[in-house]
Amino acid sequence: QVRLVESGGGLVQTGGSLRLACAASGGWFNNYAAAWFRQAPGKEREFVATIRRGGSSTRYADSVKGRFITSRDNAKNMVYLQMNSLKPEDAAVYYCAAASRWDLPTTAAQYDYWGQGTQVTVSS
């Protein structure tokens, strides 16, 4: 059983940056692909970014490509999401997720473990 805890959310102005962190425990974390999803009020949860087990590959949603970077430190059981050039439409609750897979899944149903989420608010 993997437990995930996100941190780093908050209020930022348009054009600003935030770095989210996800701490994993309870499993051998380098056996898991990790991802970030987000959900805004009244909208479905949507894929943001994913990173392969060893960190060698990543995939991003078109809406964040070139602005967000995901990385991981398996020695520390951590995953990060660096968010730059934030826009009001990036405001949402951001969730960390993990899946015992070799590939880079982009749908929520493919992930087995979820954090509780961290709120990101972007003021215009």
Side-chain angles (χ1 to χ4, degrees):
Q1 186 79 11
V2 174
R3 181 169 180 259
L4 303 171
V5 179
E6 303 94 336
S7 61
L11 172 64
V12 64
Q13 290 186 333
T14 296
S17 298
L18 277 177
R19 188 191 195 207
L20 304 183
C22 174
S25 61
W28 196 249
F29 193 54
N30 60 3
N31 285 340
Y32 294 85
W36 293 92
F37 287 77
R38 66 187 182 186
Q39 189 167 18
K43 295 187 177 181
E44 292 188 356
R45 191 168 298 191
E46 66 171 353
F47 167 74
V48 175
T50 184
I51 185 166
R52 200 183 294 274
R53 291 182 173 192
S56 60
S57 299
T58 56
R59 183 176 293 174
Y60 297 91
D62 288 343
S63 58
V64 307
K65 204 172 293 183
R67 299 188 297 122
F68 290 13
I69 300 172
T70 188
S71 61
R72 65 191 296 165
D73 184 341
N74 285 337
K76 296 182 179 179
N77 286 350
M78 297 291 296
V79 180
Y80 305 98
L81 184 67
Q82 178 66 43
M83 306 186 295
N84 301 319
S85 302
L86 282 161
K87 306 175 182 180
E89 52 264 42
D90 294 318
V93 177
Y94 281 71
Y95 296 91
C96 178
S100 182
R101 301 174 65 111
W102 282 102
D103 58 355
L104 293 166
T106 60
T107 61
Q110 294 174 298
Y111 286 87
D112 306 306
Y113 303 102
W114 293 84
Q116 83 291 345
T118 186
Q119 177 73 51
V120 172
T121 304
V122 184
S123 63
S124 56

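- With rounding to the nearest 0.5 Å, the separation of OG in S123 from CG in L86 is 10.0 Å.
- Annotation: side chain of T70 is in contact with side chain of Y60 (closest heavy-atom distance under 4.5 Å).
- Between G117 and V93, the shortest heavy-atom distance links the atoms CA-CG1, 3.8 Å.
- The shortest non-hydrogen separation linking A92 to A40 is CB-N, 3.8 Å.
- Taken from CD in Q82 to CZ in R19, the straight-line distance is 6.5 Å, to the nearest 0.5 Å.
- Partners of Y32 according to the side-chain hydrogen bond (donor to acceptor under 3.5 Å, both in side chains) rule, which considers only residues two or more places apart in sequence or in another chain, do not exist here.
- Going from atom CD of Q39 over to atom OH of Y95 covers 5.5 Å, rounded to the nearest 0.5 Å.
- R72 places a side-chain N or O within donor-acceptor distance of the main-chain N or O of R52, the cut-off being under 3.5 Å.
- Within a 6.0 Å sphere centred on NZ of K43, heavy atoms belonging to other residues, nucleotides or ligands number 12 at most.
- From S85, atom OG reaches atom CG of D90 across 9.5 Å, with rounding to the nearest 0.5 Å.
- What you find for N84 and S17 is that their closest heavy atoms are OD1-OG, 3.0 Å.
- Looking at every heavy atom in both residues, L104 comes nearest to R59 through O-NH1, 3.3 Å.
- In terms of modelled atom types and a separation under 3.5 Å, the side chain of E6 and the main chain of Q116 share a donor-acceptor contact.
- For the atom pair R53 CZ and D103 CG, the distance stands at 9.5 Å (nearest 0.5 Å).
- Here the straight-line distance linking atom CG of D73 with atom OH of Y80 works out to 5.5 Å at 0.5 Å rounding.
- Residues V64 and V12 share a hydrophobic cluster, clusters being chains of Ile/Leu/Val/Met/Phe/Trp/Tyr side chains in contact below 4.5 Å.
- Comment: D112 does not engage R101 in a salt bridge, judged by the lack of any side-chain N to carboxylate O separation of less than 4.0 angstrom.
- Using cut-offs of 30° and 60° on the angle between ring planes, the pair F37 and Y111 is perpendicular.
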